[in-house]
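Each chain gets a letter, A, B and so on, in the order its sequence line appears, and its residues count up from 1. Basis for what follows: all heavy atoms, side chains included, without hydrogens, waters or symmetry-related copies.
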Amino acid sequence: MKVVSWNVNSLRVRLPQVLQLIQQASPDVIALQETKLQNQDFPRDELESAGYRLVFNGQRTYNGVALMSRTEPADIITDIPGLDDPQRRLAGATIDGIRFINVYVPNGQALDSDKYQYKLRWLEAFTDLLSEEMAAHKKLLLMGDFNIAPEDQDVYDPAAWQGQVLVSDAERRALKKIMALGLQDTFRLFPQEDSRFSWWDYRAGAFPRNRGLRIDLMLASAEMAELCQAADIDMDSRGHDRPSDHALISADFSS
DNA sequence: ATGGCTGGGTCTCCCAGA
């Protein structure tokens, strides 16, 4: 089973690239973040014609996530219980007996911003939900744009980023708490070169200079981690004409 | 050098992203 996750930064702009991905890689499950489309504007026909069942949870301008699969999704969730939140950041479903949860974690903007407090509150409420999901599903894959670089090795210049949003102690603690529920970073299950990232600023030649962060993650429960055969970051997706600022990440699982 | 670039909406400026 091939699974991919991609922050497309507008599905309207990136739809041709998603269709190309389908043609070239034919993933079994595709998680998208930052679709930036209301549900009524979601490109249903194009993606259903390409052979996918769709779960989408969208809003205008900001946020929006989707979960696409070759087979029928069941037990769909689109909200975090107990969190009254108009922002559309979650799409989960059971597909082929595996629980998939796709998240677009809030960015946080800056440590002194209200958005940072919202990010921490969101993560706390999400962790409660995830704890229940983990208890109910042995095979679980949590993926998406976490907007947190787990370790300094996931940051191109850790000294310059020290204490900033995306790497701050509170954010990393929140991520550790999520992983302590029994999740493993699939990317780190395999030997990796240094300085491999998943996001690069559009500005100042950040991508050609590889000044990036690894903030897009695919986290697997123990049972899923055992089945994981490979995990990768698709650099071509970021080198594309008119690219998203995020690369697509992928993992393969034996059935 | 707190800039730069991109997408979307309020639409040729502003907000947000990370």
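Pairs engaging residues 209-219 of chain A under the side-chain hydrogen bond (donor to acceptor under 3.5 Å, both in side chains) rule: D154(A)-R214(A), D185(A)-R214(A), S198(A)-D216(A), W200(A)-N210(A), D216(A)-H246(A) [sequence neighbours left out].
DNA chain B is contacted by both Y62(A) and A204(A); A204(A) maps to the nucleotide lying nearer its 5′ end (nearest heavy atom per residue). Between R203(A) and Q38(A), the residue whose closest nucleotide on DNA chain B is further toward the 5' end is R203(A).
Residue contacts for E34(A): at a heavy-atom cut-off of 4.0 Å it reaches the sugar-phosphate backbone alone, with no base atom in range. Backbone-only engagement by D145(A) is indicated by non-hydrogen atom pairs under 4.0 Å involving sugar-phosphate atoms exclusively. Residue contacts for F197(A): at a heavy-atom cut-off of 4.0 Å it reaches no nucleic acid atom on any strand shown. If you check every strand for non-hydrogen atoms under 4.0 Å, N107(A) touches a base. Contacts of R14(A) with the nucleic acid, taken as non-hydrogen atoms under 4.0 Å apart, involve only primed sugar atoms and P, OP1 or OP2. Using a 4.0 Å heavy-atom criterion, one finds that N7(A) contacts the sugar-phosphate atoms exclusively.
Nucleotides dG8(B) and dG3(B) place their C1' atoms 22 Å apart, quoted to the nearest Å. Taking the P atoms as reference points, dA18(B) lies 23 Å from dT2(B), given to the whole Å. Between the P atoms of dC15(B) and dA1(B), the separation comes to 26 Å (whole Å). Taking atom C1' in both dG9(B) and dG4(B), the straight-line distance is 22 Å, to the nearest Å. Of the P atoms belonging to dT10(B) and dT6(B), the separation is 23 Å, rounded to the nearest Å. Only the P atoms considered, dG17(B) is 23 Å distant from dT12(B), to the nearest whole Å.
Every residue meeting the side chain to side chain contact (heavy atoms under 4.5 Å, CB included) condition with N39(A), not counting sequence neighbours, appears here in chain and number order: F56(A). For A50(A), the side chain to side chain contact (heavy atoms under 4.5 Å, CB included) partners two or more places apart in sequence, or in a different chain, are L19(A), I22(A), Y52(A). D128(A) pairs by the side chain to side chain contact (heavy atoms under 4.5 Å, CB included) definition with nothing, not counting sequence neighbours. Qualifying ring-ring contact (aromatic ring centres under 6.0 Å, His included) partners for Y104(A), counting only residues two or more places apart in sequence or in other chains: none.
Think of the region where chain A sits on DNA chain B: with heavy atoms and a 4.0 Å cut, that region ends 5' and 3' at dG4(B) to dA18(B).
Salt-bridge annotation for R172(A) and D152(A): present, with a side-chain N of the basic residue lying under 4.0 Å from a carboxylate O of the acidic one.
With 3.5 Å as the limit, one finds no donor-acceptor pair spanning the side chains of R88(A) and T35(A).
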